[in-house]
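Working notes, structure below.
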Amino acid sequence: MIRTGYVHAIYEEICQSKMPANFFLCGWKNMIDEAKQRIQALGYDRKSIHQELYG
């Protein structure tokens with residue numbers, strides 16, 4: 001399935017089921033910082049978030 005739109009809204013919708021997950025974030029610092037905050041607010045542990053910064 002191809003999803004388009006604001007990335008934060010898409011993963012928040014997908015993660016409503018609270019299934020175990022690993023998150024791999026790649027992008028600019030502001031986006032990654034926001035994503036990490038939102039993912040943790042959904043109840044996921046920081047250890048499940050992996051990142052690569054660029055730009």
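Small disclaimer: the values here were computed from a predicted structure and weren't measured. Heavy-atom basis, side chains included; hydrogens, waters and symmetry copies ignored.
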> If you look at every heavy atom in A21 and S48, which pair is closest and at what distance?
Replying inline: O-CB, 3.3 Å

> Taking the hydrophobic residues Ile, Leu, Val, Met, Phe, Trp and Tyr, and joining any pair whose side-chain heavy atoms are under 4.5 Å apart, which ones share a cluster with Y6?
Replying inline: none

> Which value, rounded to the nearest 0.5 Å, describes the distance between H50 atom NE2 and C26 atom SG?
Replying inline: 13.5 Å

> Same cluster or not: are L25 and W28 linked, directly or through other Ile, Leu, Val, Met, Phe, Trp or Tyr residues, by side-chain heavy atoms under 4.5 angstrom apart?
Replying inline: yes

> For the atom pair CG (D33) and CG (L53), what is the distance rounded to the nearest 0.5 Å?
Replying inline: 7.5 Å

>> Between L42 and I14, is there shared hydrophobic-cluster membership here, with clusters defined by ILVMFWY side-chain heavy atoms closer than 4.5 Å?
In response: no

>> Just to verify, what does Q40 make a side chain to side chain contact (heavy atoms under 4.5 Å, CB included) with, not counting sequence neighbours?
In response: K36, R46, I49

> Any side chain to side chain donor-acceptor pair (under 3.5 Å) pairs touching residues 7-26, not counting sequence neighbours?
Replying inline: R3-E13, H8-Y11, E12-R38

